[in-house]
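Order of the sequence lines fixes the chain letters, A, B, ..., with proteins taken first and strands second; residue numbering starts at 1 for each chain.
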2 protein chains.
Amino acid sequence: MARERLMERDQRYTTGRRRIVEALTSTGAPVTLPALLQLAPELSQSSAYRNLAIMEEAGVVRRLVHGAEHAHYELAEDLTEHHHHLICEDCGLITDVTLDASLERSLDRAFEGLADESGFSPRHHAIDIFGRCASCA
Amino acid sequence: MARERLMERDQRYTTGRRRIVEALTSTGAPVTLPALLQLAPELSQSSAYRNLAIMEEAGVVRRLVHGAEHAHYELAEDLTEHHHHLICEDCGLITDVTLDASLERSLDRAFEGLADESGFSPRHHAIDIFGRCASCA
DNA sequence: TTGCTTGCAAATGATTTGCACTGCT
DNA sequence: AGCAGTGCAAATCATTTGCAAGCAA
């Protein structure tokens, strides 16, 4: 899947890129760049950044920005499934959650309604739930 | 209100801070630092950053980070009202929206449920709706 | 070969900080 | 007077980029 997405954009699925995708697949949760380099120490920082940017563009990777610190990276939703994020305000840990399908449907309906009122056309949404994770509680 | 929040933290409500609050009040939408300085040209960049950080800490201001560019600042929800953001993927414009109270209630209920399953205790949430604004459509 | 990729080191740019000065209290 | 707040210029630090060398089609 990742390979196809890249090929469509005339991008190669190189070893470095495969390593990144494998690392993101193996850890279920979004990771920072330093964390990614720990998972795959043979990657060089600049190439990792460059390849993440290319794969983000190609729809393989998603970049999350939350505080001022490092951004987090995860596989794009088409390669996984639609989900949201629990963010621990103490330690910065980010984990995934999925909401009930009917609730998602209600949200989408509400968002569509905005188009009429304001002229804004929604494409996708992201919900961040801030709080305390189990280990920081 | 802003003054009280600052006083509680033994912070003064100085002219510079008042100017920032007034500027944020006058433009309904979240603004970047450069935009804020345009609204209030007598502010100096470093003091504006410093005061925004202090007021964020005091719960007067909220900082939003979305792409890689400048962060956006707005008045904290206790000084305004609970709302979410429409983000234009073309021009970066951010505007506020409020959802139906019953939908918010369903969301909160769903989030509370997470505490039981995962041990995560939710404090607040933010919904970002990405798409095209009226002028970029 | 020809051009995309890589890794290193250097550059960028938003935000932060040191410091001397001003202004409340 | 005494300490918090300000503005300037310099420092930070995540991320990006230039460039020479490596590798794949």
Undergrad: Under 4.0 Å: is that the gap between some side-chain N or O of T14(A) and OP1 or OP2 of dC4(C)?
TA: no
Undergrad: Can you pull out every ring pair (Phe, Tyr, Trp, His ring centres under 6.0 Å) where at least one residue sits in residues 35-74 of chain B? Sequence neighbours excluded, please.
TA: none
Undergrad: Under the rule for side chain to side chain donor-acceptor pair (under 3.5 Å), what residues qualify as partners of E104(B), not counting sequence neighbours?
TA: H82(B), H84(B), H125(B)
Undergrad: Kindly calculate the angle separating the two end axes of the helix from dT1(C)-dA25(D) to dT25(C)-dA1(D), each obtained from five base pairs, and round it to 10 degrees.
TA: 20°
Undergrad: Measure from CZ on R12(A) to P on dT5(C) and round the result to the nearest Å.
TA: 5 Å
Undergrad: side-chain contact (heavy atoms from CB on, under 4.5 Å) with A2(A): which residues, sequence neighbours excluded?
TA: Y13(A), V21(A), V60(A), L79(A)
Undergrad: Pick the closest DNA chain C nucleotide for D10(A) and for P34(B) by heavy atoms, then say which residue is nearer the 5' end.
TA: D10(A)
Undergrad: Residues from residues 17-31 of chain B sitting under 4.0 Å of DNA chain D, heavy atoms only?
TA: R17(B)
Undergrad: Check whether any side-chain N or O of R63(A) sits under 4.0 Å from OP1 or OP2 of dT15(D), and answer yes or no.
TA: yes
Undergrad: When the distance from NE2 of H70(B) to P of dT16(C) is rounded to whole Å, what number comes out?
TA: 11 Å
Undergrad: Rounded to whole Å, please give me the gap between NE2 in H72(A) and C1' in dT15(D).
TA: 16 Å
Undergrad: Of all of residues 36-59 of chain B, which get a heavy atom below 4.0 angstrom from DNA chain D, listed by number?
TA: E42(B), S44(B), S46(B), S47(B), R50(B), N51(B)
